[in-house]
Amino acid sequence: MVQSFEDFKLNRQILNAIADAGYTQPTPIQQKAITPILAGQDIMGIAQTGTGKTAAFVLPMIMKLKYAQEKEPRALILAPTRELAMQIEENIKLYSKYTDLRSVVLYGGLGPKAQIAKLEEGVDIIVSTPGRFLDLYLEGHISTKLLQFLVMDEADKMMDMGFIGSIHRILEVVPRKRQNLLFSATMSELVHKIAGDFLKHPTVVEVDSQATPAVTVTQSLYPVPNLKTKINLLQHLLKDEVDFNRLIVFCKTKTVADNIFKFLERRYGEGEVRVIHANKGQNTRINSINAFKEGDVRILVATDVAARGLDVSDVSHVINFDVPIIIEDYVHRIGRTGRAFKTGAAITFCSPAEEYYVRKIEKLIRQQIPLSEIPADVHIEETPYEERQAIARAIDDQKRREDPEFKGAFHEKKHAKAIAQKAAKEKRASSAEKTSGKFKGNKKSSTVKGGFLGNKRKY
Ligand code: AMP
């Protein structure tokens, strides 16, 4: 077992940079991955963000690249979002500060002029989102002939975001002989497939079992009947300014994020809160993230895409104002707290319509999220008619997704066509019986009025 960074065959320049960063001991993924990467092996790393995975691949990579050479790049790191790409490049700069290695970060959303100029000066390492890399490659600004390292970070997110086509194109234009590293927080079927296309006899290094939230994160789940009560609960939690000193509030859409932001800004004033989502300009996002990192603002409201790869240490709390629909995002979200050797808390608000996703998340992380009760002094609002309808509709949709034969209560009431279908279905004797039998067993978990709050855990 490697106890210290000195035990790896890293050079003095790198060891000094690690010491400057304040790292005293390699994290588990670093202990497992650095030696095989130095030995030239392909690696498949299953590690969530917050485990120190970036240094696990960057340190041996800069060790092998050593110093600036030709104009053409020798390493390419692909990342799903600009935030993550920027984060990785910052880490490269940090760890290679005593070398003359040159790196550049490429991403869309900005004109390519400055990026092209940087490429022209010569680079050793490129960090890029797949689309921008391909664009600049196809326009002839990048030569791949000297590439010897290819890294794919957060491969699961790349698949979710639909980058598979771009990645295949990139694989066609890089030299065959190279070292490949792939990192992913979860191991979905698509990640498996891309790993098969990409890696040669990889060494698998895994920290924690698949999609296990870091043990340093305390999780809790509040069943909340509606949006207004979620806001009341958020407000209640935020009163504790000492404990909740630096937090990220995750929302599932830009609209919700904007609304929560406006609400909090009215409540706490301009300096205390910022919002990041895909509609915010690149510079605004960078400014917000920096202000949050430096501790100038207490609350960051974010959507999943915007927060991808965000590396902020000392986040006291992650609040999932909405349960993520892409369930893997749960692991990524809560990975923002409890990072490398620190503790944190992740709190999830769950409406009856979101119960379905919590069940899936619990299956994914192979643990139940402990339930918390809404404190007595939080006002529980009545669910307005529209919201009640929306919840009922969502639950019906979920049931239908699980069983295409299912015709929900909402559906039946609302649509004459559905009633006719139901009548036809009733005629279909035995198979229809089986279907309804199956739903009897599940009934509790899906009724809206049936006491989502009253019943502890019904799934
Ligand atoms: P990552 O999983 O790469 O996003 O890293 C999470 C955080 O852990 C970053 O803030 C790193 O600076 C930090 N980190 C990485 N390696 C170590 C280490 N060996 N000791 C302490 N902190 C580390």
Side-chain angles (χ1 to χ4, degrees), residues 8-15 17-18 33-45 53-79 84-107 112 114-155 158 166-167 169-183 198-200 202-203:
F8 297 118
K9 292 191 179 72
L10 298 171
N11 60 31
R12 193 36 58 196
Q13 287 96 316
I14 298 175
L15 290 173
I18 292 170
I34 291 178
T35 304
I37 298 175
L38 283 172
Q41 294 172 21
D42 275 14
I43 294 284
M44 159 126 116
K53 68 179 165 64
T54 315
F57 65 81
V58 171
L59 295 173
M61 178 194 283
I62 56 183
M63 176 66 202
K64 295 187 87 175
L65 296 175
K66 282 203 172 70
Y67 40 77
Q69 287 186 13
E70 313 285 329
K71 187 179 160 207
E72 291 85 6
R74 286 173 293 150
L76 169 62
I77 300 167
L78 295 172
L84 180 63
M86 286 164 59
Q87 198 62 61
I88 295 170
E89 209 246 348
E90 265 173 38
N91 278 330
I92 293 171
K93 288 234 150 53
L94 186 72
Y95 306 137
S96 65
K97 66 180 188 185
Y98 296 118
T99 76
D100 61 353
L101 285 168
R102 303 149 302 171
S103 56
V104 64
V105 57
L106 312 175
Y107 47 80
Q115 297 172 2
I116 293 170
K118 206 90 202 269
L119 288 165
E120 283 300 311
E121 287 167 18
V123 290
D124 301 288
I125 307 171
I126 294 180
V127 188
S128 183
T129 51
R132 178 52 65 104
F133 177 83
L134 262 184
D135 289 348
L136 294 180
Y137 170 80
L138 293 171
E139 285 167 20
H141 299 293
I142 300 170
S143 157
T144 55
K145 68 173 199 260
L146 296 184
L147 276 184
Q148 45 183 276
F149 270 106
L150 185 52
V151 183
M152 216 182 281
D153 198 11
E154 303 207 345
M158 298 238 230
S166 312
I167 285 169
R169 288 279 340 252
I170 293 172
L171 292 180
E172 282 165 16
V173 303
V174 294
R176 265 166 200 270
K177 207 172 157 323
R178 51 169 208 263
Q179 187 174 3
N180 302 299
L181 313 173
L182 178 145
F183 287 84
F198 175 60
L199 302 168
K200 288 191 195 69
T203 302

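It should be emphasised that the depicted structure is a prediction, and the values quoted were computed from it without experimental measurement.
Contacts of L138 classified as side-chain contact (heavy atoms from CB on, under 4.5 Å), with partners at least two apart in sequence or in another chain: R169. Not counting sequence neighbours, the partners of S103 by the side-chain contact (heavy atoms from CB on, under 4.5 Å) test are E89, I92, K93, I125. When the side-chain contact (heavy atoms from CB on, under 4.5 Å) test is applied to Q179, the partners found at least two apart in sequence or on another chain are I37, D42, K64, F149, L181. Every residue meeting the side chain to side chain donor-acceptor pair (under 3.5 Å) condition with Q115, not counting sequence neighbours, appears here in chain and number order: R132. Annotation: side chain to side chain donor-acceptor pair (under 3.5 Å) contacts of R12 (sequence neighbours excluded): E6. With sequence neighbours excluded, no residue satisfies side-chain contact (heavy atoms from CB on, under 4.5 Å) with K66.
Inter-residue side-chain proximity for I167 and M152 is flagged as met; some heavy-atom pair is nearer than 4.5 Å. At a threshold of 4.5 Å between non-hydrogen side-chain atoms, the residues K145 and E72 count as touching. Y95 is not listed as a side-chain neighbour of L101, based on a closest heavy-atom distance of 4.5 Å or more. Looking at K200 and R176, their side chains never come closer than 4.5 Å, going by heavy atoms from C-beta outward. Side-chain contact between T99 and N11: absent, with no pair of heavy atoms (C-beta onward) separated by less than 4.5 Å. Residues L150 and L171 have side chains in contact (heavy-atom distance under 4.5 Å, counting atoms from C-beta outward). In this structure, Q69 and Y67 have side chains that are in contact, with non-hydrogen atoms separated by less than 4.5 Å.
Considering CE of M61 and CG of L38, their distance stands at 11.5 Å, rounded to 0.5 Å. The CE atom of M158 lies 9.5 Å from the OG1 atom of T129; values are rounded to the nearest 0.5 Å. For the atom pair NE2 (H141) and CG (D135), the distance works out to 10.0 Å, reported to the nearest 0.5 Å. Distance check, rounded to the nearest 0.5 Å: OG1 of T35 to CD of Q41 gives 9.5 Å.
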**OP:** Assess whether side chain to side chain contact (heavy atoms under 4.5 Å, CB included) is satisfied between L76 and I142, documenting all intermediate values.
**Re:** CA-CA 11 Å; L76 169 62; I142 300 170; over 6 Å; no
Original post:
What's the verdict on side chain to side chain contact (heavy atoms under 4.5 Å, CB included) for I62 and Q13, showing C-alpha distance, side-chain angles and the deciding distance?
Top reply: CA-CA 10 Å; I62 56 183; Q13 287 96 316; over 6 Å; no
Original post:
Between E120 and K71, does a side chain to side chain contact (heavy atoms under 4.5 Å, CB included) hold up when you go through it step by step?
Top reply: CA-CA 8 Å; E120 283 300 311; K71 187 179 160 207; 3.6 Å; yes
Original post:
Run the side chain to side chain contact (heavy atoms under 4.5 Å, CB included) check on T54 and Q87 step by step: do they pass?
Top reply: CA-CA 9 Å; T54 315; Q87 198 62 61; over 6 Å; no
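Taking every heavy atom of both residues into account, P36 and A33 meet most closely at CD-O, 3.3 Å. Looking at every heavy atom in both residues, P130 comes nearest to S166 through CB-CB, 3.9 Å. Closest approach of D100 and A68 over heavy atoms only: OD1-N, 2.8 Å. Of all the heavy atoms in M63 and L10, the pair that sits closest is SD-CA, 3.6 Å. Between A85 and V127 the shortest heavy-atom distance is O-CG1, 3.5 Å. Nearest heavy atom pair, residue A79 against residue I88, reads CB-CD1, 4.0 Å.
Judged by distance alone, with hydrogens and angles left aside, the side-chain atoms of D124 form a donor-acceptor pair with the main-chain N or O of R102 at under 3.5 Å.
Paired with I126 under the rule side-chain contact (heavy atoms from CB on, under 4.5 Å), one option of I77, L78, L119, L136 passes, and it is L119.
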